[in-house]
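Labels below follow one simple rule: chain letters A, B, ... track the order of the sequence lines, proteins then strands, and each chain is numbered from 1.
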There are 4 protein chains.
Amino acid sequence: MNDNIREPKQQRAIEKKEKIISAGFELICKNGYYNINTAQIAEHANVSTGIVYQYFNDKYDILIEGLKKYGNDIFFPMLKDNNIKFDKNNFDKFIKDIIKYYINSHKISNIAHEEIMSMVHSDKNVADFYYKRELEITTYLKDILINNGFKDNNLFEKSHIMLGLIDNLCHEITYHKHSKMNYDVMMDIIIETIKDLFKNDLD
Amino acid sequence: MNDNIREPKQQRAIEKKEKIISAGFELICKNGYYNINTAQIAEHANVSTGIVYQYFNDKYDILIEGLKKYGNDIFFPMLKDNNIKFDKNNFDKFIKDIIKYYINSHKISNIAHEEIMSMVHSDKNVADFYYKRELEITTYLKDILINNGFKDNNLFEKSHIMLGLIDNLCHEITYHKHSKMNYDVMMDIIIETIKDLFKNDLD
Amino acid sequence: MNDNIREPKQQRAIEKKEKIISAGFELICKNGYYNINTAQIAEHANVSTGIVYQYFNDKYDILIEGLKKYGNDIFFPMLKDNNIKFDKNNFDKFIKDIIKYYINSHKISNIAHEEIMSMVHSDKNVADFYYKRELEITTYLKDILINNGFKDNNLFEKSHIMLGLIDNLCHEITYHKHSKMNYDVMMDIIIETIKDLFKNDLD
Amino acid sequence: MNDNIREPKQQRAIEKKEKIISAGFELICKNGYYNINTAQIAEHANVSTGIVYQYFNDKYDILIEGLKKYGNDIFFPMLKDNNIKFDKNNFDKFIKDIIKYYINSHKISNIAHEEIMSMVHSDKNVADFYYKRELEITTYLKDILINNGFKDNNLFEKSHIMLGLIDNLCHEITYHKHSKMNYDVMMDIIIETIKDLFKNDLD
DNA sequence: TATGAATGAGTCTTCATTCAT
DNA sequence: AATGAATGAAGACTCATTCAT
């Protein structure tokens, strides 16, 4: 472990560090942490292998920093748009929009998603990151619902369940198309279930 | 790749092969596929390194065979008990029982669960295994419901959603105790939601 | 090194040893000494791996014994036919016959030839075997020539040169067909050269 | 197979690569390809094992590159001197010179010669190299003869035969001293035979 | 700062040979 | 005499990390 990690101050150096993170994270997401080596990361970042160890303790560090920097984009891109309003009589549409959002995000970074989920299940730090984000998004959803007039009746737990339902659905749709599941039906049921979930929380 | 895999004939040899599978799978589950080497597997199985390669193509093979042999026990132990009957007026209890079952199974093989889920997300063969089992358990649940008088109203999809809800809950409970989630409340909501899911399928 | 090599006395045992030699030598000739392992030899001989070491000191032994047993067939099959007579006025035909013999033998055991020649160049024992046989065949040719009325005017050396010329020709024809050499012309030249070689040795 | 072979740019690195080739080729020639391992090559080159695989795909690569670099020196050192003139009335001397050249070259790199010839007989790439060189030297000899006034009467084929005769002789002299062959006589016969070979090609 | 050359411990895998039965 | 299971040393190759410049 190198104790002399340099925090780059010069603009060029900062850019170089960013480059390593993005290049490294990209490769790791695409190929898996164990299938990519530091030489490849350096090459992909147009940087020498040596320099990597002046900005990072080790290979693992690159992963973690990449996660911090790009994790949100991959998993919770919606976190960017805040203060959403929806027509209470058209809660359906709001749910559908979220589902679309999720499916889209799954599709865009399909492989990255899987690679990181893999690490969520095997690496404590990645897991911590992921679960923290999960709480954030849950809170975010809860706030939206409250802002739109929902009663706070265990809204936090319900939001979590709602997101769980949606995530399962998206995963199902994105990855196991081959199964004998009817996805249109499934989506309708999910929407209905979510509405039931909140049935007593609208005036 | 060695294509001269020997299928052991002597009783002692058969036991030895089993031993390698169990020892290897155990170590992999406990420490992760990439953190265990063949020497460790051999040692843990009280066997020489050479013999490993007479029964298996490679390290990966051990994982897959271990999965075939012990995967069900870890993920779907309930698959053993068939033909369950429950009091239709007490659907609640049935749901709770399944949840308990799941939580228990998560707790028993906590780490194994996570390691394998990790590979579900990064290895095609492991994923195939897992999703196949998932379909089985879904079918199994659907059959139980039908046997207990439920109407087949997209019962397959609903079963899948139900299991998803339960799995999310268990995962939540087993792994992120630290969160500010109220699990008792959550369980109640889940049960209620599941009941709503099938509200039109009971006479 | 196992000092207890058993010399098989029972008929069945003798056959078994022969089988190992022939199977082993065949595989080695076809694939090369370093590309064949004892397990394959045993399997090809329909014998257990263990038994091999009761008849042979080691893998190398099999090669040497195979060479002793089958080497002649491969390199000097003509050694079998003795006492050849030819029409002195038709020395040409005799030469051509030998060439045909050689080419045929090269073609039949093409790969074996090469594999063994490879070892002639890298293993002392194989070399010894080969050069000993070479002397035999030279002597054999010399004797034929004498029997057919040639004067012994350095006939030994000349026979050796003659065989060398033929061997080079055959090798050329059998292995580098692709070159821009005209083989018909070459053969004629060779024959002429050989006749010149002995031009003063016929009355 | 590592496909990230680095082509060394720094002077020191270039020298190191050369060092690995020469050290590796030397050891392989002296001991045989199968009796030398990469660790030994690295050690002999005063280099770590790792670096070997940054410059070469594998052990085999070292052999081939060594061959390309030093093969000519070992087999056809005369290829260096071009445009040789000789006294047509003293063709004898020219032949003798070539023989001396060959014998000398055989003697100098005795073992290397044999090890490589071994591989010529067992490895396609080595064989290709060798036969290509053989054609070159044949052409080279043919050109010399033409330059010295020989008629081109199948001169290519005759050159090849001449070289074959010389090679056999040298091999005989260098390796089987033990035989009952009279080498002085043999050399005289060879010279006479070669002269006969070209008897109609001088005016 | 930056380069890319160098290190060497670690990994998988093979195989001649021996052992238990 | 025979089997085939078992051994373990040895080999090729990789890669995170450090070093010389």
Side-chain angles (χ1 to χ4, degrees), chain A residues 1-2 6 8-10 12-13 16 34 36-43 47-60, chain B residues 1-2 4 6-17 34 36-42 46-60, chain C residues 1-2 6 8-10 12-13 16 34 36-43 47-60, chain D residues 1-2 4 6-17 34 36-42 46-60:
Chain A
M1 161 98 72
N2 176 1
R6 181 184 302 145
K9 301 221 165 94
Q10 291 180 17
R12 223 186 32 173
K16 200 161 276 196
Y34 292 100
I36 284 297
N37 62 43
T38 48
Q40 291 167 311
I41 291 174
E43 197 189 354
V47 142
S48 71
T49 56
I51 205 69
V52 170
Y53 286 84
Q54 297 204 337
Y55 294 130
F56 302 91
N57 274 311
D58 49 27
K59 183 184 165 190
Y60 181 71
Chain B
M1 159 98 73
N2 172 6
N4 252 347
R6 174 196 306 157
E7 205 46 51
K9 279 155 197 162
Q10 295 176 10
Q11 186 52 32
R12 207 181 33 147
I14 293 175
E15 280 162 14
K16 206 154 274 196
K17 179 169 184 183
Y34 292 101
I36 284 298
N37 61 41
T38 47
Q40 290 168 313
I41 292 175
N46 268 111
V47 145
S48 72
T49 58
I51 201 71
V52 170
Y53 288 87
Q54 299 206 341
Y55 295 135
F56 303 91
N57 274 311
D58 48 26
K59 186 180 149 189
Y60 182 71
Chain C
M1 161 95 76
N2 176 359
R6 180 184 303 143
K9 306 227 163 83
Q10 291 180 21
R12 223 183 35 170
K16 200 160 277 196
Y34 292 100
I36 282 298
N37 61 43
T38 47
Q40 291 168 311
I41 292 174
E43 197 188 354
V47 142
S48 71
T49 56
I51 205 70
V52 170
Y53 286 84
Q54 296 205 337
Y55 294 130
F56 302 90
N57 274 312
D58 48 27
K59 184 184 163 189
Y60 182 71
Chain D
M1 161 96 74
N2 174 6
N4 254 348
R6 176 196 307 158
E7 205 46 49
K9 278 153 201 166
Q10 295 176 10
Q11 188 51 34
R12 206 181 33 145
I14 294 175
E15 280 162 15
K16 206 152 274 195
K17 180 171 182 180
Y34 291 101
I36 285 298
N37 61 44
T38 48
Q40 290 169 312
I41 291 175
N46 267 110
V47 142
S48 71
T49 57
I51 202 70
V52 170
Y53 288 88
Q54 300 206 340
Y55 295 135
F56 302 91
N57 273 312
D58 48 26
K59 185 181 152 191
Y60 182 71

Next item on the list: Could you work out which one of F/dC15, F/dT18, E/dT17 sits closest to the side chain of A/Tyr53?
Entry: F/dT18
Margin query: Go nucleotide by nucleotide along DNA chain E from the 5' end; which of B/Gln40 and D/Arg12 gets its closest nucleotide reached first?
Written below: D/Arg12
Next item on the list: For E/dA20, give its Watson-Crick or G-U wobble partner with both distances under 3.5 Å, or none.
Entry: F/dT3
Item checked: A/Ala13 side chain, from C-beta outward: closest of E/dT1, F/dC15, F/dA6 -> E/dT1
Checklist line | Nearest-angstrom distance from the residue atom CD of C/Gln54 to C1' of F/dG4 | finding: 13 Å
Notebook entry, point to check: Starting at OH of C/Tyr34 and ending at C1' of E/dA16, how long is that distance when rounded to a whole Å?
Noted result: 13 Å
Next item on the list: Please figure out whether B/Gly50 or A/Tyr60 has its closest DNA chain F nucleotide nearer the 5' end.
Entry: B/Gly50
Checklist line | B/Phe56 six-ring centre to B/Lys17 NZ/CZ under 6.0 Å and within 45° of normal | finding: yes
Checklist line | Whole angstrom value for the distance that separates P of F/dA1 from CZ of C/Phe56 | finding: 14 Å
Next item on the list: Would you classify B/Val47 as touching base, sugar-phosphate or nothing, given that sugar-phosphate means primed atoms plus P, OP1 and OP2, and contacts are heavy atoms under 4.0 Å?
Entry: sugar-phosphate
Margin query: Among E/dC12, F/dA16, E/dT3, which nucleotide has an atom closest to any side-chain atom of A/Ile51?
Written below: E/dT3
Check: For D/Ile36 and D/Ile41, what are the C-alpha separation, side-chain angles and deciding distance, and is it a side chain to side chain contact (heavy atoms under 4.5 Å, CB included)?
Finding: CA-CA 7 Å; D/Ile36 285 298; D/Ile41 291 175; 3.6 Å; yes
Item checked: Protein-nucleotide distance (C/Lys59, atom NZ; E/dC15, atom P), rounded to Å -> 8 Å
Margin query: Only pairs with both distances under 3.5 Å count, Watson-Crick or wobble alike; so what is the partner of E/dT13 in this structure?
Written below: F/dA10
Margin query: Looking at A/Glu43, I want to see if its CD is surrounded by more than 12 non-hydrogen atoms of other residues, nucleotides or ligands under 6.0 Å.
Written below: no
Note to self: If you go through the side-chain atoms of A/Thr49, does one of them form a donor-acceptor pair with the base of E/dG4 closer than 3.5 Å?
What the structure shows: yes
Notebook entry, point to check: Under 4.0 angstrom, heavy atoms only, what part of the nucleic acid is A/Ile36 near: base, sugar-phosphate, or nothing?
Noted result: sugar-phosphate
Item checked: Nearest-nucleotide comparison on DNA chain F, the residue closer to the 5′ end among A/Asn37 and D/Asn37 -> D/Asn37
Note to self: I want to confirm an ordering. Mapping D/Lys16 and C/Thr38 to their closest nucleotides on DNA chain E, which one lands closer to the 5' end?
What the structure shows: D/Lys16
Check: Base, sugar-phosphate, or nothing for D/Tyr55, non-hydrogen atoms under 4.0 angstrom?
Finding: sugar-phosphate
Check: On a whole-Å scale, what distance lies between the C1' atoms belonging to E/dT1 and F/dT21?
Finding: 13 Å
Item checked: Length of the NZ-P vector between B/Lys17 and F/dA6, whole Å -> 12 Å
Checklist line | Options F/dA2, F/dT7, E/dT7, nucleotide nearest the side-chain atoms of D/Ser48 | finding: E/dT7
Note to self: Has A/Gln54 got a side-chain atom pairing as donor or acceptor with A/Ile51's backbone, closer than 3.5 angstrom?
What the structure shows: no
Next item on the list: Using modelled atom types only, decide if a donor and an acceptor are shared between the side chain of A/Gln40 and the backbone of A/Asn37 within a distance under 3.5 Å.
Entry: yes
